[in-house]
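Predicted model only: the values in this text are computed from it and were never measured. Below, all heavy atoms of this structure are taken into account, side chains as well, without hydrogens, waters or symmetry copies.
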Amino acid sequence: MSTKTLNSKILCAAALLLAGMFLALATESHAWSDDRRLRNQIAQYHVFMEEHPKASTQIRENPQLVYDGKFLKKHSEVERFLKARPELRQEIARRPGQVFVWYDRDDYRYGRYNRDDRRFGWWSH
């Protein structure tokens, strides 16, 4: 095999490797932007739910309510909010801990907690 052929094969392999790396980076940045968008939606949810404390409490106790038609009819603003954010709705139903852990952190950080509360059992001595 000639040196010229070997060099062209090495160059071609390097180009393919480089293209694959760029493709992988582009895919990861898309995943990062999805994650960032979801975090922004969670932050919007917390601000929105401060105006709807009853619905917020009910959803925290039973996250599947985000798909309950009867519940959403009673809370039409919540229904509109969630319909505009389907990823958030799915996250609440599938992994509520990812959404509601913020409440726990804020309760602890700002002193709004009860030492007898089950969520803070690890803290009491």
Side-chain angles (χ1 to χ4, degrees):
M1 184 179 282
S2 74
T3 307
K4 192 174 185 178
T5 307
L6 184 62
N7 285 343
S8 67
K9 286 185 178 188
I10 290 173
L11 185 61
C12 185
L16 286 173
L17 181 64
L18 190 59
M21 288 172 50
F22 281 127
L23 184 61
L25 287 174
T27 304
E28 279 195 32
S29 77
H30 180 68
W32 281 77
S33 76
D34 286 349
D35 187 48
R36 186 177 305 125
R37 185 178 60 225
L38 182 60
R39 280 186 279 134
N40 288 337
Q41 288 180 3
I42 290 171
Q44 292 170 4
Y45 174 79
H46 290 288
V47 171
F48 177 79
M49 283 305 192
E50 285 178 5
E51 300 171 11
H52 304 87
K54 185 176 179 181
S56 174
T57 302
Q58 291 174 334
I59 291 173
R60 276 182 71 195
E61 290 173 357
N62 182 4
Q64 297 303 317
L65 288 176
V66 296
Y67 290 113
D68 185 342
K70 191 184 294 185
F71 172 80
L72 294 173
K73 275 188 180 180
K74 291 180 185 176
H75 304 281
S76 58
E77 292 121 0
V78 174
E79 180 178 23
R80 280 193 301 275
F81 182 86
L82 292 173
K83 276 190 176 181
R85 296 160 182 85
E87 299 92 3
L88 174 65
R89 177 185 270 189
Q90 183 179 6
E91 189 73 9
I92 291 170
R94 218 178 57 185
R95 297 188 310 178
Q98 295 293 331
V99 177
F100 300 122
V101 71
W102 288 27
Y103 285 107
D104 298 341
R105 273 191 260 153
D106 289 344
D107 286 347
Y108 173 71
R109 186 180 317 140
Y110 298 110
R112 296 187 307 250
Y113 66 94
N114 177 357
R115 286 193 182 270
D116 296 329
D117 191 331
R118 287 180 291 141
R119 293 177 297 155
F120 300 104
W122 59 270
W123 180 255
S124 58
H125 294 101

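For the atom pair CG (L65) and NZ (K70), the distance works out to 11.0 Å, reported to the nearest 0.5 Å. Expressed to the nearest 0.5 Å, how far CG of L16 lies from CG of L11 amounts to 10.0 Å.
Checked against side chain to side chain contact (heavy atoms under 4.5 Å, CB included), N40 has the following partners two or more places apart in sequence or in another chain: R36. For K83, the salt bridge (Lys or Arg N to Asp or Glu O under 4.0 Å) partners at least two apart in sequence or on another chain are E79. For F48, the ring-ring contact (aromatic ring centres under 6.0 Å, His included) partners at least two apart in sequence or on another chain are H52, F81.
Listed here is the closest heavy atom pair of P63 and I92: CB-O, 3.3 Å. Between Q90 and Y67, the shortest heavy-atom distance links the atoms CA-OH, 3.5 Å. The heavy-atom pair separating Q64 from A93 by the smallest distance is NE2-O, 3.0 Å.
Looking at E51 and E77, their side chains never come closer than 4.5 Å, going by heavy atoms from C-beta outward. Side chains of R85 and Q44 form a contact here, defined as non-hydrogen atoms less than 4.5 Å apart.
Remark: side-chain polar atoms of H46 are paired, donor with acceptor, to backbone N or O of V99 under 3.5 angstrom.
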Q: Please lay out, stage by stage, how Q41 and E91 fare under the test side-chain contact (heavy atoms from CB on, under 4.5 Å).
A: CA-CA 10 Å; Q41 288 180 3; E91 189 73 9; over 6 Å; no
**Q.** Test side-chain contact (heavy atoms from CB on, under 4.5 Å) applied to I59 and M49, step by step
**A.** CA-CA 10 Å; I59 291 173; M49 283 305 192; 3.6 Å; yes
Q | F71 and V66: CA distance, side-chain angles, deciding distance, side-chain contact (heavy atoms from CB on, under 4.5 Å) verdict | A | CA-CA 8 Å; F71 172 80; V66 296; over 6 Å; no
